[in-house]
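Some notes on the structure that comes next.
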Amino acid sequence: MKKLIFAIVALFAAAPSFAQFSSGGFSLDEEHLYWGMRIGVSFGGIGGDIESDEGRTGMTLAGVVGLRVTENAPVFLESGLYYTQRGANKLNLPSSIQNPAKAEGHLNYFEVPVLMKYGFSLEDNVAILPFIGPYFSMAVAGDTKYLKRPEMGFKLGSGVEWNNLYAELAYQFGVTNIADVNGCSSHGHALNINIGINF
């Protein structure tokens with residue numbers, strides 16, 4: 001957690017120097033292609049036959065790219081590559097599983113979302129951007145016993161951009177079964193809070 005706090009402080013401290021390489025402000029009418037960086041925190045959990053008895057708080061790091069898809073409205077398609085820590089600190093396992101006392105479900109994912117965003121201007125340099133879309137992820141590290149590595153689901157939330165600074169709140173829920181136990185069904189979910197910079 002100390003590393004996360006330090007990274008967030010460093011990101012904001014560097015914001016003025018980043019801004020000089022950008023257009024200097026955000027405009028829904030002028031932005032057609034952008035890229036950015038994200039850092040934040042994820043509050044993950046697992047529900048179903050194998051469920052989280054204790055959720056997991058982890059870190060998120062990402063690089064994103066967005067493209068305006070129509071000239072008639074501020075509609076953007078955004079994707080990128082996320083590294084995110086989700087899962088559970090403690091799993092509640094079915095009685096059919098032997099020796100379940102110390103089961104953990106720490107899952108560290110590489111994740112690719114495909115989000116559709118629509119921008120609403122509040123004033124000259126401030127915009128609200130609600131979004132929704134699918135995500136595809138693969139667990140590349142962590143304790144994956146009883147859990148499958150691939151996951152697919154949906155993410156929805158909203159971002160706010162002021163000049164080149166960006167913040168968002170999002171909820172994601174898995175639709176694929178990640179339980180690696182016969183006869184069991186489980187799905188991941190997480191609440192995400194991210195901040196970042198768009199260029």
Side-chain angles (χ1 to χ4, degrees), residues 1 3-4 7-8 11 34-67 69 76-94 103-118 129-159 166-198:
M1 188 57 70
K3 292 182 180 179
L4 175 61
I8 292 173
L11 184 66
Y34 65 88
W35 62 277
M37 298 183 299
R38 305 283 185 265
I39 186 170
V41 61
S42 175
F43 304 96
I46 298 171
D49 297 318
I50 299 174
E51 61 182 356
S52 50
D53 194 39
E54 181 183 334
R56 183 189 185 197
T57 300
M59 184 176 67
T60 296
L61 295 170
V64 303
V65 61
L67 175 68
V69 295
F76 300 87
L77 186 66
E78 182 181 289
S79 187
L81 181 62
Y82 285 67
Y83 178 78
T84 180
Q85 299 173 323
R86 294 192 274 115
N89 286 332
K90 185 177 180 182
L91 290 175
N92 186 11
L93 302 175
E104 294 181 345
H106 289 180
L107 297 168
N108 301 336
Y109 288 97
F110 278 131
E111 181 178 294
V112 177
V114 182
L115 304 176
M116 190 67 70
K117 292 189 168 187
Y118 190 93
L129 296 111
F131 57 83
I132 188 171
Y135 69 87
F136 308 88
S137 58
M138 175 66 72
V140 293
D143 184 354
T144 59
K145 188 176 182 180
Y146 306 119
L147 300 172
K148 298 175 183 177
R149 291 179 179 270
E151 184 191 24
M152 181 263 182
F154 289 90
K155 181 180 289 189
L156 68 159
S158 183
Y166 179 83
E168 69 180 14
L169 177 67
Y171 180 76
Q172 62 185 94
F173 55 95
V175 297
T176 54
N177 179 18
I178 61 172
D180 197 12
V181 177
N182 289 336
C184 291
S185 178
S186 295
H187 302 85
H189 56 84
L191 179 68
N192 304 295
I193 302 173
N194 297 322
I195 60 172
I197 297 174
N198 284 342

Criterion side-chain contact (heavy atoms from CB on, under 4.5 Å) on Val140 and Phe110, from CA distance to verdict: CA-CA 7 Å; Val140 293; Phe110 278 131; 3.5 Å; yes
Side-chain heavy-atom pair Thr60, Ile39 within 4.5 angstrom cut-off: no
Partner residues of Glu168 under the salt bridge (charged side-chain N to carboxylate O under 4.0 Å, His left out) criterion, sequence neighbours left out: none
Interatomic distance, Ser185 atom OG to Asn177 atom CG [nearest 0.5 angstrom]: 4.0 Å
From CG (Asn198) to OH (Tyr166), nearest 0.5 Å: 7.5 Å
Straight-line distance of Ser79 OG to Tyr135 OH, nearest 0.5 Å: 14.5 Å
With Phe173 via ring pair (Phe, Tyr, Trp, His ring centres under 6.0 Å) - residues at least two apart: none
Heavy-atom check, side chain of Ile50 versus side chain of Val181, under 4.5 Å: yes
Where Phe131 and Ala170 come nearest, the two heavy atoms and their spacing: CZ-CB, 3.7 Å
Criterion side-chain hydrogen bond (donor to acceptor under 3.5 Å, both in side chains) against Gln172, the qualifying member of Glu151, His189, Glu111: Glu111
Gap separating the CG atom of Asn92 from the CD atom of Glu54, nearest 0.5 angstrom: 12.0 Å
Distance, nearest 0.5 Å, that separates CG of Leu115 from CG of Leu156: 10.0 Å
Minimum side-chain heavy-atom gap Tyr82-Pro113 below 4.5 Å: yes
Met116 vs Leu77 side-chain heavy atoms within contact, under 4.5 Å: yes
Spacing of Leu91 atom CG and Ser186 atom OG [to the nearest 0.5 Å]: 8.5 Å
Distance-minimising heavy-atom pair for Ala139 and Leu107: CB-CD2, 4.1 Å
Derivation and outcome, side-chain contact (heavy atoms from CB on, under 4.5 Å), residues Ser137 and Arg149: CA-CA 8 Å; Ser137 58; Arg149 291 179 179 270; over 6 Å; no
pair Val175-Met152: side-chain heavy atoms closer than 4.5 Å: yes
For Glu78, salt bridge (charged side-chain N to carboxylate O under 4.0 Å, His left out) partners two or more places apart: Arg38, Lys117
Student check: side-chain heavy atoms of Phe76 and Tyr118 closer than 4.5 Å: no
Cation over ring face, Lys148 and Tyr109, 6.0 Å, 45°: no
side-chain contact (heavy atoms from CB on, under 4.5 Å) assessment of Tyr34 paired with Leu67: CA-CA 7 Å; Tyr34 65 88; Leu67 175 68; over 6 Å; no
Ile46 side chain reached by Leu147 side chain, heavy atoms, under 4.5 Å: yes
Within-4.5 Å side-chain heavy-atom neighbours: Val41 and Thr57: yes
Residues Asn192, Ser42; criterion side-chain hydrogen bond (donor to acceptor under 3.5 Å, both in side chains); working and verdict: CA-CA 5 Å; Asn192 304 295; Ser42 175; 3.1 Å; yes
Donor on one side chain, acceptor on other, Asn89 and His106, under 3.5 Å: yes
